[in-house]
J.: 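One structure, as structure tokens, below. Some questions next.
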Amino acid sequence: MKRYNPQEIELKWQKRWEESHAFACTHESDKPKYYVLEMFPYPSGNLHMGHVRNYCIGDVLARARRMQGYNVLHPIGWDAFGLPAENAAIQHNTHPAAWTYSNIANMRSQMKRLGYSYDWDRELATCRQEYYRWEQLFFLRFLEKGLLYRKEAPQNWCPSCHTVLANEQVEDGCCWRCKSVVEQKDLTQWFLRITAYADELLKDLDLLKGNWPDRVIAMQNNWIGRSEGAEITFPLEKPAGGQESISVFTTRPDTVFGVEFMTMAPEHPLVQDIIRGMPNEAEIQDFINSVRNMDRIERQSESLEKKGIATGAFVLHPFTGRKIPIWLGNFVIASYGTGAVMGVPSHDQRDFEFARKYNLPITQVISKSGALEDVSTWECAMTEPGIMVNSGEFDGLPNEEGKKKIVAALQEKGLGRGTTQFRLRDWNISRQRYWGAPIPVVYCEKCGIVGEKEENLPIILPLDVKTFPDGKSPLPATASFVECTCPKCGGKARRETDTMDTFVESSWYFTRYTSARDDQQAFNKDALSYWMPVDQYIGGVEHAILHLLYARFFTKALRDLGFYPDNLDEPFKRLLTQGMVLLDGSKMSKSKGNIVNPEEMIDKYGADTVRLFCLFAAPPERDFDWTESGIEGASRFLQRIWRLFEDSHDLLLPVPAGSSTAADAVDAEARDLRCKEHATIKKAGEDMASRCQFNTAIAAIMEFVNAMYLYRAKMGTDEGSRRVFSSAMATVLTTLSPIAPHMCEELWSLMGQEDMLSAQAWPKYDEAALVRDTQTIALQVNGKLRGTVDLPTGADKAALEEAAKAHPSVQKFTAGLEIKRVIVVPGKLVNIVAK
RNA sequence: GCGAAAGUGGCGGAACUGGUAGACGCACUGGACUUAGAAUCCAGCGCCAUUGUGCGUGGGGGUUCAAAUCCCCCCUUUCGCACCA
């Protein structure tokens, strides 16, 4: 008997798949397409279990869909620019490119050992000029269209990474990558106008409902943060800084008559002009400095005491002309709305607390009953809807109606309008680092900021540089890169030395896969419209906002620039966020030392076992614990199949899966096995390819294997029985092959089958074979199970009822009771209602 | 505070449209094989109870002939956002 030796057979089949380009695909096909994609990895050096799980999920889908008749695109590549390469290069005294490419080589070979069915002919790495040249083209087109602009503003600065970060890359006030506390720094940077798409990004979340996890949609919704309201202009008593007025954003224009003060952010551009020459200017300046010196964590912490200071200046109420004092407040966010808010202490909790603290008046303008209350007894602001009071001509209106009327009145006066605010900010894509895509722009003394000519692309990132030990980019000191000629006037110019955020590369790689080797254009339109959108995207939930929001934005922007088809609104039709692989209940991490190394597991058990365990341990979106007994169990199941096969070798005929006929199945055991076979084909097929419930697909195959063991113990050696058993074996190998492809290929060929299993069609299940001779009917009395009875399939209601009433246990429980009703569900149960 | 998800045996989890709760696996127990062990095969395995008209899907109500599943209230856990005006 041949022993199961995964090391040997896995290598053999991996070689055969590779040599035959078994998983290469083309868009020229009559089959329906299916694009399955896993989030591409950063080439950190080694695959970890999280990667393995991610790619196993994608691979089963790809293999199952392929067998089920789809033309499948399943590509892989490398998110190859980024900071760790620079840090590692400094540490190991090598070049970021060398480090990156050797990591890619290592991880590629690890992936191949796992038998993933990628179309390797489409592999790409974002650090290659063949890739980023197209990104530079997009940059120029964005610039032309006004979707890119340069702006000086306070930015999130990570002191340890020596670069700025986008808002999405700051978590709890810390750098998402290195966890250092982020500082604020005034810098001039390139911004992508993602806010121009805020409305569409929000609205199109509706298209994703049901196909993306609710929480990801909720998180994006939250992040975009739309609020409807009004901008209201308060004229300044004395003009300042050349301005006649200050505007605020509010969601409650209906409370405008309750305004008692205005609060500005200390960073508001008008503040310095307003306070100039005030008697307590120095004191105010101290307040401003103390707020500005706080780091982000401190500034935004819940426990931060709300503080303010009066400036001594006033604005005038837009309706009454009343004088309203201008305060500065440490809680007002400069970058949201207009950086100034109106203070309505009666109907906003923050303003209420602020007014109490600084002894400012409180005036009620909304009332539940319509009557005025004694606000001095209030313990908190009244934020519920009601009737407007103390509001001049608007008195007596329900506040929702008042909102509209007040906005209309403000508009007429030229002192306001209805607006919508978003929490989303434009995306800062400048990075002060070396290992990234160069920004194709020059600074010319005569012409200013000039985009490169498209025919000069790519602007190549010079590789013959040495990285500085402090992590600062060597580009500004690289004369051959910096010194250039202006594309417009031909005069001397300096090249931009910031590089692009690596999230730019990952915002469009999935479309480049559709024509990865085209060196004439970014995309082949036919291939692009054939393959896009991605049918199933799989990755970690950590990108719920970052990558997934950027990629959605990029898709819409490139669509509007004509790079993508007009109807490509969303890049990822379905999204699966896979759970983490834990060890002893906590996340695996190098620093904690609780790591399970995939390669060691492959050495010990083989790739098929690793794949099987990753998919069987839990549903894909849930976290699971890696356990030794769990992987042992997975290994045991594969050995069990191997043994069943080897022990029955003489009985096996090289028949197709699902090929035995009703005529072959002469006895009840054979009929049962055949029935189970077709049920397995159905269940495993649906669970694997449509429901992404790999654990239950595997359970179904396990049940079937158990049934085969029982059948083999009793079966005869006649042709019919052998055909039933052989067909069953072929079905096990076929349905399990997406999960454990190597072993299944090996047994398939040992069975005497000619073509490769991976090229086989998924067997068709036969509805007729699913019908069993008898069905077990549940018998209930008053909804409680009191017994079961086996009846011939198709027995009618009367027969079911009669059998139920005749059942001894049912008789016992209905004895002495009057039967009120009998509910019969054919094929399922009989419930007798008795009192 | 706002938003989302999840609570089922000793454990991971099944039950897809309300219809036999606990599939499949792990762990455990017993048996067979064996000098013995490992492996394998077979069987048992929700709880309680000296064996029942018992209890049981986080808790409490409700709808229904029938609820893990639908509705209402509450509790717990995890995650995301959070002074957003």
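Here is the naming used below: chain letters follow the sequence lines, and residue numbers restart at 1 for every chain. Just the heavy atoms: all of them, side chains too, but no hydrogens, waters or symmetry mates, feed the values below.
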J.: Write down the distance between NZ (A/Lys784) and P (B/C55), rounded to a whole number of angstrom.
T.: 5 Å

J.: In this structure, how many angstroms lie between the C1' atom of B/A15 and the CG atom of A/Leu829, rounded?
T.: 15 Å

J.: The side chain of A/Val332 lies closest to which of these nucleotides: B/C42, B/A85, B/C16?
T.: B/A85

J.: Closer than 4.0 Å, any side-chain N/O of A/Arg350 to the OP1 or OP2 of B/A82?
T.: no

J.: Would you indicate, yes or no, if B/C65 has its OP1 or OP2 atom less than 4.0 angstrom from a side-chain nitrogen or oxygen of A/Arg821?
T.: yes

J.: Could you check B/G9 for me: syn (within 90° of 0) or anti?
T.: syn

J.: Counting side-chain heavy atoms from C-beta on, which of B/G54, B/A15, B/C24 comes nearest to A/Met702?
T.: B/C24

J.: More 5' along RNA chain B: A/Val825 or A/Ala700, using each one's nearest nucleotide?
T.: A/Val825

J.: Just say parallel, tilted or perpendicular for the rings of A/Phe257 and A/His317, cut-offs at 30° and 60°.
T.: tilted

J.: How long is the line joining CD of A/Glu228 and P of B/A85, in whole Å?
T.: 12 Å

J.: Determine, for A/Tyr709 and A/Arg712, whether the Lys NZ or Arg CZ falls below 6.0 Å from the six-membered ring centre while staying within 45 degrees of the axis.
T.: yes

J.: Which class fits the ring pair A/Trp176 and A/Phe503: parallel under 30°, tilted 30 to 60°, perpendicular over 60°?
T.: tilted

J.: Just checking, is any N or O donor in the side chain of A/Gln220 or A/Arg552 under 3.5 Å from an acceptor N or O on the other one?
T.: yes

J.: Using the test side-chain contact (heavy atoms from CB on, under 4.5 Å), find all partners of A/Ile823 that sit at least two apart in sequence or belong to another chain.
T.: A/Arg821, A/Val825, A/Asn831, A/Val833

J.: Grab the CD1-P distance between A/Ile832 and B/U53 for me, whole Å please.
T.: 18 Å

J.: Quick check for you: among B/C16, B/C41, B/G25, whose closest atom lies nearest to any side-chain atom of A/Arg643?
T.: B/C41

J.: Of the listed nucleotides (B/C24, B/C83, B/U20), which one gets closest to any side-chain atom of A/Ala778?
T.: B/U20

J.: Would you say a side-chain N or O of A/Arg252 is under 4.0 Å from OP1 or OP2 of B/A85?
T.: no

J.: Would you tell me if any nitrogen or oxygen in the side chain of A/Arg636 comes within less than 4.0 Å of OP1 or OP2 on B/C26?
T.: yes

J.: Tell me, what's RNA chain B's dot-bracket, Watson-Crick or G-U with both distances under 3.5 Å, | for other-strand, [ ] crossing?
T.: (((((((..(((......[....))).(((((.......))))).(((...).))..(((((..]....))))))))))))....

J.: Could you tell me how far B/U63 sits from B/C71 if I compare only their C1' atoms? Round to whole Å.
T.: 7 Å

J.: Run the side-chain hydrogen bond (donor to acceptor under 3.5 Å, both in side chains) test on A/Thr788 and A/Thr776 for me, step by step, so that the C-alpha distance in whole Å, both residues' side-chain angles and the decisive distance to 0.1 Å come before the verdict.
T.: CA-CA 6 Å; A/Thr788 59; A/Thr776 305; over 6 Å; no

J.: Between A/Gln421 and A/Lys828, which is nearer to the 5' end of RNA chain B once each is assigned its nearest nucleotide?
T.: A/Lys828

J.: Would you measure the distance from the P atom in B/A4 across to the matching atom in B/C73 and give it in whole Å?
T.: 14 Å

J.: Answer with base, sugar-phosphate or nothing: what part of the nucleic acid does A/Ser629 contact at a heavy-atom distance below 4.0 Å?
T.: sugar-phosphate

J.: Measuring from the side chain of A/Ala699 (C-beta onward, heavy atoms only), which nucleotide among B/A85, B/A27, B/C24 has the closest atom?
T.: B/C24

J.: By the ring pair (Phe, Tyr, Trp, His ring centres under 6.0 Å) test, which pairs, at least two apart or in different chains, include something from residues 676-704 of chain A?
T.: none

J.: Ignoring backbone atoms, test whether A/Thr696 places a side-chain nitrogen or oxygen under 4.0 Å from the OP1 or OP2 oxygen of B/C16.
T.: no

J.: Is A/Glu400 paired with A/Lys403 through a side-chain N to carboxylate O contact shorter than 4.0 Å?
T.: yes

J.: Indicate whether OP1 or OP2 belonging to B/C24 is found under 4.0 Å from a side-chain N or O atom of A/Asn695.
T.: no

J.: For A/Arg252, what residues pass the salt bridge (Lys or Arg N to Asp or Glu O under 4.0 Å) criterion, not counting sequence neighbours?
T.: A/Asp254

J.: To the side chain of A/Ala618, which of B/G12, B/A85, B/C24 is closest?
T.: B/G12

J.: Name all residues meeting the side-chain contact (heavy atoms from CB on, under 4.5 Å) criterion together with A/Asn211; count only those two or more places apart in sequence or in a different chain, and write none if there are none.
T.: A/Arg574

J.: Ignoring hydrogens and angles, tell me if any N or O in the side chain of A/Gln349 forms a donor-acceptor pair with the backbone of A/Ala381 under 3.5 Å.
T.: yes

J.: Does a salt bridge link A/Glu646 with A/Arg3, judged by any charged N lying under 4.0 Å from a carboxylate O?
T.: no

J.: Which nucleotide in the set B/C41, B/C65, B/C26 lies at the smallest distance from any side-chain heavy atom of A/Ile823?
T.: B/C65

J.: When all nucleic acid strands are considered with a 4.0 Å heavy-atom cut-off, which category describes A/Lys812: base, sugar-phosphate, or nothing?
T.: sugar-phosphate

J.: With rounding to whole Å, what would you report as the distance between B/C11 and B/G46 at their C1' atoms?
T.: 13 Å

J.: May I ask you to say what A/Gln349 touches in the nucleic acid, namely base, sugar-phosphate or nothing, with a heavy-atom cut-off under 4.0 Å?
T.: nothing

J.: In whole angstrom, give me the gap between the P atoms of B/U51 and B/U40.
T.: 39 Å

J.: With P as the reference atom in both, quote the distance from B/A68 to B/A49 in angstrom, rounded to an integer.
T.: 24 Å

J.: Return the nearest nucleotide to the side chain of A/Ile333; candidates are B/U53, B/A21, B/A85.
T.: B/A85

J.: Dump every N/O contact between nucleotides 2-5 of chain B and the protein below 3.5 Å, one line per pair.
T.:
residue	atom	partner	partner atom	Å
B/A4	O2'	A/Arg215	N	3.3
B/A5	OP1	A/Asp214	OD2	2.8

J.: Using only side-chain N and O atoms of A/Arg640, determine if any of them is under 4.0 Å from OP1 or OP2 of B/C41.
T.: yes

J.: Check the angle between the aromatic planes of A/Phe354 and A/Phe261 and answer parallel, tilted or perpendicular using the 30° and 60° thresholds.
T.: tilted

J.: Just checking, any donor-acceptor pair under 3.5 angstrom between side chains of A/Tyr336 and A/Ser227?
T.: yes

J.: If we take the P atom in both B/U57 and B/G10, what is their distance in whole Å?
T.: 13 Å

J.: Using the C1' atom as the reference point in each nucleotide, state the distance between B/C2 and B/C47 in Å, no decimals.
T.: 41 Å

J.: Heavy atoms only, 4.0 Å cut-off, all strands: where does A/Pro619 land among base, sugar-phosphate and nothing?
T.: sugar-phosphate

J.: Within the pair A/Arg622 and B/U78, is there a side-chain N or O less than 4.0 Å away from OP1 or OP2?
T.: no

J.: Find the distance A/Glu384:CD to B/G1:P and express it as a whole number of Å.
T.: 16 Å

J.: Between C1' on B/C24 and CG on A/Leu736, what's the gap in Å once rounded to a whole number?
T.: 14 Å

J.: Taking the P atom in each of B/A27 and B/G22, what is the distance between them to the nearest angstrom?
T.: 22 Å

J.: Specify the separation, in whole Å, of atom CG of A/Leu800 and atom P of B/U20.
T.: 15 Å

J.: Is A/Asn706 close enough to B/G25 that one of its side-chain N or O atoms is under 4.0 Å from OP1 or OP2 there?
T.: yes

J.: Hey, does A/Thr627 reach any base, or is it just sugar-phosphate, or nothing, if we go heavy atoms under 4.0 Å?
T.: nothing

J.: In whole angstrom, what separates A/Phe694's CZ from B/C16's P?
T.: 19 Å

